[in-house]
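Worksheet: one structure, shown below.
Given the structure is predicted, the values throughout are model-derived calculations rather than measurements.
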Number of protein chains: 2
Amino acid sequence: MKRENTTIYDIASEVGVSIATVSRVLRGETNVSPATREKVQQAMDRFNYRPSSIARGLTSKITHSLGIILPKLLNPHYAMIFTGAQEEARKLGYTISLFPWSSLDTNAYNPAAMLIERRLDGLIVCVEYLPPEHDERVLAALRTLREYMPVVLIGCVPPWYDFPAVANNNAAMMRSIMEYLTKMGHEKIAFIGGAQEDKDPLCRDVGYEEGLRAARLPYTASYRIYGKGTAEAGKASMDEMLDSLKQEYWPTAIIALNDLVAMGCLQSAREHGIAVPEQMSVIGCDDLFCAPYLYPPLTSINTHQQRVGARAVQLLISGEYKQETVEWELMERASCAPITKKREE
Amino acid sequence: MKRENTTIYDIASEVGVSIATVSRVLRGETNVSPATREKVQQAMDRFNYRPSSIARGLTSKITHSLGIILPKLLNPHYAMIFTGAQEEARKLGYTISLFPWSSLDTNAYNPAAMLIERRLDGLIVCVEYLPPEHDERVLAALRTLREYMPVVLIGCVPPWYDFPAVANNNAAMMRSIMEYLTKMGHEKIAFIGGAQEDKDPLCRDVGYEEGLRAARLPYTASYRIYGKGTAEAGKASMDEMLDSLKQEYWPTAIIALNDLVAMGCLQSAREHGIAVPEQMSVIGCDDLFCAPYLYPPLTSINTHQQRVGARAVQLLISGEYKQETVEWELMERASCAPITKKREE
DNA sequence: TCTTATAATGTAAGCGCTAACATAAACATC
DNA sequence: GATGTTTATGTTAGCGCTTACATTATAAGA
């Protein structure tokens with residue numbers, strides 16, 4: 001193992017040129033005579049020469065490596081973001097590595113030692129579902145990190161964060177779903193959301209409320225539930241809502257924060273003997289791979305998270321300062337139906 | 001942005017010692033007087049000094065970065081492996097980055113240029129579900145890579161691969177599932193498997209056949225299906241099997257290669273009007289997060305993929321040469337039931 | 001007190017590249 | 001043919017560390 005790596009010197013002495021010339025063909029500079037270039041190229045091939053990205057990074061200050069901070073990859077939502085980012089990074093010749101949330105949430109003057117030591121060329125941070133109490137500390141950590149490397153944010157980015165960012169327009173998305181449901185005749189529509197109250201004006205619950213207003217429907221506190229954004233939490237929230245409400249007040253449609261929550265809702269509905277979509281429509285968000293295989297197949301919104309990840313990488317590398325939005329797509333499946341069906345029964 | 005990074009020289013001149021001494025406290029060497037160590041430490045804190053892992057890597061030849069090659073992260077099975085590996089790597093002070101399968105499957109003398117240029121300290125390669133025709137080329141690529149860095153394999157590793165490895169004992173796992181099902185009275189048990197025929201003696205289908213023999217059940221070719229290991233493929237395989245068989249020959253139990261396939265089977269059963277588990281039991285493998293939320297909740301095997309990933313990292317870093325196995329756990333849920341139920345109807 | 005082992009620190013040579021600068025060769029220009 | 005330009009190549013000083021080796025200060029042994 002670990003054969004002695006050939007260096008730029010080996011190539012240079014083999015061809016009989018200086019290392020600068022070898023470096024020039026390595027970097028694709030134009031001011032090298034075709035003949036020399038060819039000879040160097042061939043020697044490189046012959047020796048199976050691979051320049052050390054470490055050494056290149058040390059001198060050029062460009063490491064061609066990026067970082068991404070995500071809550072957890074086990075949630076397919078984040079796996080999609082990561083995949084999108086990874087593929088784009090690779091295309092552009094970059095390597096990307098994952099850092100956990102804890103990298104940000106550190107004490108005092110030690111934010112993300114590892115992050116800084118790596119001399120990354122850029123960092124993507126997903127700030128979705130930020131617990132409000134952490135908000136300030138996280139923002140401070142982000143500002144510190146920015147002194148060392150460009151930072152692009154993704155997810156549910158509050159507008160007062162002065163960072164380039166790419167996200168879905170969650171509010172608009174939710175408004176359009178509300179329209180979808182109200183057009184189907186639904187009037188009792190519940191929203192089973194994420195952790196935070198209303199600190200974040202970009203979040204999905206805002207669109208829910210706007211949709212309510214647009215349809216001239218009353219806001220009903222017991223239809224707006226907060227949870228943890230997981231399947232377990234979704235089920236618990238739904239259980240609690242159903243159990244605390246008389247059956248006649250049960251909503252006829254549920255908007256789940258994401259597909260995970262929707263899975264929990266479906267389960268809860270099943271256990272309460274509620275037929276979906278006949279008695280109750282359920283709509284999720286993110287369009288996870290399993291959505292079509294749930295029972296009933298879950299109507300969901302494809303939020304193109306891979307594109308979010310890819311775009312973030314592009315912004316990072318191009319250095320543009322933008323706050324961008326990625327489009328979404330409604331995936332109609334069997335879990336939503338017009339209200340009329342219900343009346344027939 | 002990009003404040004000028006403080007270097008070992010800054011610290012040295014601040015404290016009034018040589019850079020060697022600073023380097024010594026950086027590396028935690030013991031032969032430094034407590035007084036000097038303290039002074040250096042404080043200067044480092046004061047300057048918020050972070051050593052450049054790039055420079056350290058260049059001299060020490062240890063980059064503290066690993067690579068992992070996985071088919072695709074969107075499949076939660078691989079996301080679990082990655083997560084396990086990532087967390088373990090981080091604990092040990094390593095960074096890990098993902099490389100796509102295409103890194104291996106390259107032409108001639110250019111296997112994974114990026115992989116080698118990065119001067120990784122080690123590489124994990126997941127060789128699961130290897131299409132047989134690629135087998136040789138992949139093995140060759142692995143052997144080449146091994147000249148540059150330690151390699152540990154995970155997944156379904158053929159025994160003739162002379163690499164350290166960690167995997168599930170798929171054959172034993174399947175045998176035990178077969179026992180589980182036969183004890184429930186099932187005799188017509190189908191296996192909906194992965195892509196390859198029988199090239200790999202460790203794979204799950206081997207256990208299936210052994211289980212058949214152990215229970216003195218006949219081998220029925222039409223019960224052993226090959227597919228692509230995805231939900232779509234699972235559904236297609238199952239559809240095909242059911243449609244080609246008279247109803248009386250329909251299996252009473254299905255073993256799916258993984259939960260993805262099982263999801264497809266569940267769907268297919270539903271469309272064929274088969275009640276699960278009353279008329280047909282279905283068992284998956286991998287225990288994905290969505291398994292409990294399928295209908296019916298899917299009985300599956302938790303194969304502890306995170307542990308697989310973590311163990312692989314440990315082997316890589318410790319340098320041990322071992323071929324290890326990770327235990328599994330049956331997660332009983334509602335999709336499997338004794339055959340007796342069926343007769344009652 | 002003088003050696004000799006030991007602990008603490010310093011010196012300097014790389015690691016494998018990049019990049020600024022210097023030089024040499026080739027070509028125009030008048 | 002002398003001079004200025006352009007093009008191709010060489011020289012060299014880092015980048016920010018580690019590490020072998022040298023040196024000095026300190027303690028121990030005779």
Start with the C-alpha gap between B/Lys61 and B/Asp121, add the side-chain angles, then the distance that decides, and say whether salt bridge (Lys or Arg N to Asp or Glu O under 4.0 Å) holds.
CA-CA 9 Å; B/Lys61 310 281 190 194; B/Asp121 285 347; over 6 Å; no
Considering only side-chain heavy atoms of B/Tyr9, which listed nucleotide, D/dC15, D/dC17, C/dG10, is closest?
D/dC17
Quick one: is A/Ser23 getting a side-chain N or O under 4.0 Å of the C/dT18 phosphate, OP1 or OP2?
yes
Any non-hydrogen side-chain atom of B/Leu26 less than 4.5 Å from a side-chain atom of B/Met44?
yes
Shortest side-chain distance from B/Ile8, nucleotide among C/dC17, D/dT18, C/dA19:
D/dT18
Nearest-nucleotide wise, let me know which of A/Val17 and B/Ala55 is further upstream toward the 5' end of DNA chain D.
A/Val17
From the options D/dC15, D/dC17, D/dT9, select the nucleotide whose nearest atom is closest to the side chain of A/Thr59.
D/dC15
Is A/Glu88 paired with A/Arg311 through a side-chain N to carboxylate O contact shorter than 4.0 Å?
no
Send over the distance from A/Asn5 CG to C/dG14 C1', rounded to a whole Å.
16 Å
Do the side-chain N or O atoms of A/Arg119 get closer than 4.0 angstrom to the phosphate oxygens (OP1, OP2) of D/dG16?
no
Check whether the ring centres of B/Phe163 and B/Tyr321 lie less than 6.0 Å apart, and answer yes or no.
no
What is the separation between atom CD1 on A/Ile62 and atom C1' on D/dC15, rounded to the nearest whole Å?
13 Å
Integer-rounded Å distance: D/dC17 C1' and A/Arg118 CZ
15 Å
Should the side chain of B/Arg24 and the base of C/dG10 be counted as holding a donor-acceptor pair, with the cut-off at 3.5 Å?
yes
Report yes or no: is the cationic atom of B/Arg90 (NZ for Lys, CZ for Arg) closer than 6.0 Å to the six-membered ring centre of A/Phe99, at no more than 45° off its axis?
no
Do the side-chain N or O atoms of B/Lys61 get closer than 4.0 angstrom to the phosphate oxygens (OP1, OP2) of D/dT18?
no
Apply the side-chain hydrogen bond (donor to acceptor under 3.5 Å, both in side chains) test between B/Asn168 and each candidate in B/Arg307, B/Gln305, B/His304; give the one that qualifies.
B/Gln305
Return the 5'-most residue of the pair B/Gly16, B/Ser60 with respect to DNA chain C, ranking by each residue's nearest nucleotide.
B/Gly16
Contact under 4.0 Å: A/Ser52 side-chain N or O vs C/dC15 OP1/OP2:
no
Interatomic distance, A/Ile11 CD1 vs C/dC17 C1' [rounded to whole Å]:
13 Å
Does a donor on one side chain and an acceptor on the other come within less than 3.5 Å for A/Ser23 and A/Arg27?
yes
Without decimals, in angstroms, what is the distance between A/Glu117 CD and D/dG16 C1'?
13 Å
Check whether any side-chain heavy atom of A/Leu315 sits under 4.5 Å from a side-chain heavy atom of A/Val166, and report yes or no.
yes
Of C/dC15, C/dC17, D/dT19, the nucleotide closest to the side chain of A/Thr7 is C/dC17
Let me check the geometry of the helix from C/dT1-D/dA30 to C/dC30-D/dG1. What is the bend angle between the axes at its two ends, five pairs each, to 10°?
50°
Contacting residues from residues 31-40 of chain A, given that a heavy atom lies under 4.0 angstrom of DNA chain C
none
A/Ile19 CD1 to D/dT11 P: how many Å, rounded?
10 Å
Rounded to the nearest Å, what distance is computed from the CD1 atom of residue A/Ile54 to the P atom of nucleotide D/dT18?
14 Å
Please determine, for the side chain of A/Leu26, which listed nucleotide (C/dT11, C/dA19, C/dT18) has the closest atom?
C/dT18
Can you find a heavy atom in the side chain of A/Asn31 that is under 4.5 Å from one in the side chain of A/Arg24?
yes
Does a salt bridge link A/Asp10 with A/Arg46, judged by any charged N lying under 4.0 Å from a carboxylate O?
no
Just how far, in rounded Å, is C1' of D/dG16 from CG of A/Leu58?
6 Å
